[in-house]
Visitor: 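Sharing a structure here in structure tokens format.
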Number of protein chains: 2
Amino acid sequence: MMTERKLATLLRREGYKVTPQRRAILKIVTETHDHLTPAALYERVQKAQPHIGLVTIYRTIQILEQLGLICEMHAERTSRSYLLKRASEHHHHIVCSGCGTVTDVTHCELEKLQEQLAKETGFEIDGHILEFFGYCRQCQRLKAE
Amino acid sequence: MMTERKLATLLRREGYKVTPQRRAILKIVTETHDHLTPAALYERVQKAQPHIGLVTIYRTIQILEQLGLICEMHAERTSRSYLLKRASEHHHHIVCSGCGTVTDVTHCELEKLQEQLAKETGFEIDGHILEFFGYCRQCQRLKAE
DNA sequence: ATGATAATTGATAATAATTTTCATTTAACC
DNA sequence: GGTTAAATGAAAATTATTATCAATTATCAT
């Protein structure tokens, strides 16, 4: 499991400083199971670090993304949103439209389809994005009420 | 094949007026094979309608999207981008990272996977987004040079 | 064809998301 | 503890998108 401490070590190893602001961000990111926009992350981090600036959030997100430690979601449109990369292999997400909880889908069987499509279309296919959305158990109950 | 004229008829049928501005937008959208951001569409439409406002582009895109006549792309992040919906059924796209050309993938076999995932995770899965990216034949050649 | 009417347009301003700049502060290393 | 390069935050700049509103215009019934 990825913890704040492990992420901090990874950052340090890459030459980044581990500041209290960054530590607070790492804490939130490792503890949450849903995807967060920069603004949402900012709001949560402020509780621990009231004087943090939104810019710091943006900058830290950028670093974490470059190091492949967080994933960007694709289904959201108004703002970007991110979540901790829990699975190290290639994987996809199921996102709850109700609460934003994200579950990983680690068995991806699109490579065959991808090869077939490459033959059919002449494209050299480098990758794909795939995301499922719907309602998690809890939100299904809430909807039913 | 979808033409400017057919789209215009559909708009009129839905109670929308077909203005010269909209006609110019429809023309570009039906003639291009890549996805366009509002700004890119604006730039192209201006050649035919120099006095058109960017707002009109946004508004027309919104109508076309509501009527299901264009698709929004998911891979782009800085701005939204759209393309004519050529296949009426559920389908996906292969996008060229070089030139932006989009090819439809009309055989989607994710329903089974989706059912399986629903069982495994307890999610009620409503849908998915899937997009492939890589290089089209022409851009492969250009890269090779 | 013409005129009435409601929708559309475009200029402008407002809002939202993201990035840049730069002087000040600070984590990491010795 | 001191040095140094990186990080921070305030503020401004940029980019994307949406809202407002007076002037214009496509459509439809004549």
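A note on names: the letters A, B, ... follow the listed sequences, proteins ahead of strands, and every chain is numbered from 1. Computation of the quantities below employed the complete heavy-atom set of this structure, encompassing side-chain atoms and omitting hydrogens, waters and symmetry-equivalent molecules.
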Visitor: Check the distance between D/dT18's P and B/Gln66's CD and give it to me in whole angstrom.
Guide: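 Atom CD in B/Gln66 sits about 12 Å away from atom P in D/dT18.
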
Visitor: Taking the six-membered ring for Trp, are B/His128 and B/His92 closer than 6.0 Å centroid to centroid?
Guide: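 Judged by ring-centre distance (under 6.0 Å), B/His128 and B/His92 do meet the cut-off.
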
Visitor: Could you encode protein contacts along nucleotides 19-30 of chain D as a string, one character per nucleotide from 5' to 3', using B for base contact, S for sugar-phosphate-only contact and - for no contact, with a heavy-atom cut-off of under 4.0 Å?
Guide: BB----BBS---

Visitor: Using atom CD of B/Glu43 as one end and atom P of D/dA16 as the other, report the distance to the nearest whole Å.
Guide: 12 Å

Visitor: Of A/Leu67, A/Ile61, A/Thr60, which meets side chain to side chain contact (heavy atoms under 4.5 Å, CB included) against A/Leu64?
Guide: A/Thr60

Visitor: Heavy-atom count check: over 12 atoms from other residues, nucleotides or ligands less than 6.0 Å from B/Gln116 CD?
Guide: yes

Visitor: Tell me whether A/Met73 shares a hydrophobic cluster with A/Val105, the cluster being built from Ile, Leu, Val, Met, Phe, Trp, Tyr side chains joined at under 4.5 Å.
Guide: no

Visitor: For DNA chain C, which nucleotides open and close the run of contacts to chain B, 5' to 3', at under 4.0 angstrom from a non-hydrogen atom?
Guide: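 First and last nucleotides in contact are C/dA6 to C/dG10.
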
Visitor: What is the distance, rounded to the nearest whole Å, between atom CD of A/Glu14 and atom C1' of D/dA6?
Guide: 15 Å

Visitor: For DNA chain D, whose closest nucleotide is more 5', that of A/Gly53 or that of B/Pro38?
Guide: A/Gly53

Visitor: If Ile, Leu, Val, Met, Phe, Trp and Tyr residues are connected whenever their side-chain heavy atoms lie under 4.5 Å apart, and connections chain through other members, are B/Ile63 and B/Leu84 in the same group?
Guide: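 Result: yes, single cluster for both.
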
Visitor: Do other residues, nucleotides or ligands put more than 12 heavy atoms under 6.0 Å from the CD atom of A/Glu43?
Guide: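 Atom CD in A/Glu43 is not packed in, count stays at 12 or less.
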
Visitor: Would you say B/Thr37 reaches D/dA16's phosphate, i.e. side-chain N/O to OP1/OP2 under 4.0 Å?
Guide: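 B/Thr37 to D/dA16 OP1/OP2: no side-chain N or O under 4.0 Å.
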
Visitor: In this structure, how many angstroms lie between the P atom of D/dT17 and the CG atom of B/Leu41, rounded?
Guide: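 These atoms are roughly 12 Å apart.
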
Visitor: When you compare the side chain of A/Ile125 with that of B/Ile94, does any pair of heavy atoms fall below 4.5 Å?
Guide: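 Yes. Closest side-chain heavy atoms under 4.5 Å.
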
Visitor: Calculate the interatomic distance between A/Tyr58 atom OH and D/dT15 atom P; express it in whole Å.
Guide: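 Rounded to the whole Å, the gap is 15 Å.
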
Visitor: Looking at side-chain heavy atoms only, is the closest gap between A/Tyr82 and A/Arg80 below 4.5 Å?
Guide: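 The answer is yes; the side chains approach within 4.5 Å.
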
